[in-house]
S.K.: 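Mind having a look at this structure? Questions to follow.
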Amino acid sequence: MSIQQIQQKMEMLKLNHTLPLLSDLLQEATKQKSSPLDFFEKVLTLEAEAREESRIATSLKVSGLPKGMHLDNFDFLFQPSVEKAKIEHLVTCDFIRHHENVLFFGPPGVGKTHLAAALGVKAIEMGYSVSYYTVEELLLQLKRRSEIPVAKQRGRAYVKNALVVVDELGYQVLDRNETHLFFQFISARYMRASTVITSNRSVKQWVHIFASDEMATTAILDRLFHKAHIFNIDGQSYRLKDFNKMIQESQKEKS
Ligand SMILES: Nc1ncnc2c1ncn2[C@@H]1O[C@H](COP(=O)(O)OP(=O)(O)O)[C@@H](O)[C@H]1O
Ligand SMILES: [Mg+2]
């Protein structure tokens, strides 16, 4: 059999990463006197690794997760109120297997989005389906299909994905209709899949986010908190850290 015939078969099998490398790999195997078993293993490993890499890249793109927010570039020393051990437990993704939620509370700039996104990235790496929305983006999607109950929209990412990150709850006050849609969204995911939420407002203030509707707020909180990992981050804004340092230094100079 010629190398071209093998390449044709590789094309049929969509071994797209190793196909252009075949001649080089064969040459190397001959030089190193590799056994057929070793050669075959090498080709399959290279192909599998490349596929996994491309799966992760595509899933990250489709998820809408913000770029560059990973666990290894989160400075835990800067934000001591974030319990590192608790985050390290979450990145095992056990919470996704158990359909549990994660809630990040805290003022702007303390790393809520960063940590929520980092969990999303880990989940994708472990093979889970993930989507990220700001509250505004999510409401836009929910309103577009508001004639169908959210729980019935089984094909939609915000219903079916193993993990949905909803960022920035609290910046925007929801009206009654939006509150109802948000409740439906939380209900559709309750006990079926995990949701991560970030909020700049404490739970006590949530009623003001949800159209001052105490019933709806309690119903939302009930479902979210039923199985939840909660983080209250109360540190400095990372965005303002250099700014604050500058001010402190200029004050020192003056005194
Ligand atoms: N502890 C941290 N270590 C590294 N970068 C951080 C940390 N906290 C925040 N950041 C960065 O600072 C910016 C603001 O953080 P972000 O997560 O968006 O804050 P929040 O969502 O709480 O308003 C982002 O660029 C984020 O990557
Ligand atoms: Mg944020």
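One-based numbering, in listed order, for ligands and for the atoms of each. Only a predicted model underlies this, so the values are computations on that prediction, with no experimental measurement involved.
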S.K.: What protein heavy atom lies closest to atom 24 (C) of ligand 1? Include the residue and the distance to one decimal.
M.R.: Met69 CE, 3.8 Å
S.K.: Which value, rounded to the nearest 0.5 Å, describes the distance between Thr217 atom OG1 and Leu221 atom CG?
M.R.: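 Answer rounded to 0.5 Å: 6.5 Å.
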S.K.: Have a look at Phe78, Phe74, Phe105, Tyr171 and point out the one with the heavy atom closest to atom 2 (C) of ligand 1.
M.R.: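 It is Phe74 that holds the nearest heavy atom.
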S.K.: If you take the nearest heavy atom of each of Lys241, Arg239, Glu168, which one is closest to atom 13 (C) of ligand 1?
M.R.: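 Considering heavy atoms of Lys241, Arg239, Glu168, the nearest to atom 13 (C) of ligand 1 sits in Arg239.
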S.K.: Name the closest protein heavy atom to atom 9 (C) of ligand 1, giving the residue it belongs to and the distance to 0.1 Å.
M.R.: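 Looking only at protein heavy atoms, the one closest to atom 9 (C) of ligand 1 is Tyr238 CB, 3.2 Å.
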S.K.: Among all protein heavy atoms, pick out the one at the shortest distance from atom 17 (O) of ligand 1; state its residue, atom name and that distance to 0.1 Å.
M.R.: His114 N, 2.8 Å
S.K.: Where does the angle between the aromatic ring planes of Phe225 and Phe105 fall among parallel (under 30°), tilted (30 to 60°) and perpendicular (over 60°)?
M.R.: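 Because their plane-to-plane angle lies in the 30° to 60° range, the rings of Phe225 and Phe105 count as tilted.
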S.K.: For atom 21 (O) of ligand 1, what is the nearest protein heavy atom, given as residue, atom name and distance?
M.R.: Thr113 OG1, 2.7 Å
S.K.: Report the part of Asn200 in contact with ligand 1, treating N, CA, C, O as backbone and CB onward as side chain, heavy atoms under 4.0 Å; options are side chain, backbone, both, neither.
M.R.: neither
S.K.: Among protein heavy atoms, which lies nearest atom 3 (N) of ligand 1, and at what distance?
M.R.: Asp75 N, 2.7 Å
S.K.: If we only count heavy atoms from C-beta on, is the Trp206 to Leu169 side-chain gap below 4.5 Å?
M.R.: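 Trp206 vs Leu169: side chains touch.
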S.K.: Going by the atom numbers of ligand 1, which of them fall below 4.0 Å from some non-hydrogen atom of Pro108?
M.R.: 23 (O)
S.K.: Determine, considering heavy atoms only, which of Gly111, Pro80, Ala116 sits nearest to atom 16 (P) of ligand 1.
M.R.: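 Nearest heavy atom to atom 16 (P) of ligand 1 lies in Gly111.
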S.K.: Examine Lys42 relative to Phe39 and say whether NZ or CZ is less than 6.0 Å from the centre of the six-membered ring and inside a 45° cone about the ring axis.
M.R.: no
S.K.: Side chains of Phe95 and Val102, heavy atoms from C-beta outward: is any pair under 4.5 Å?
M.R.: yes
S.K.: Any idea which protein heavy atom is nearest atom 23 (O) of ligand 1, and the distance to it?
M.R.: Gly109 N, 2.7 Å
S.K.: Give every protein N, O or S atom lying under 2.8 Å from the Mg ion (ligand 2), naming each by residue and atom.
M.R.: Thr113 OG1
S.K.: Once the angle between the rings of Phe78 and Tyr238 is folded into 0 to 90°, is it parallel (under 30°), tilted (30 to 60°) or perpendicular (over 60°)?
M.R.: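 Answer is perpendicular, since the angle exceeds 60°.
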S.K.: Between Glu28 and Lys31 (salt bridge meaning N to carboxylate O under 4.0 Å), is one present in this structure?
M.R.: no
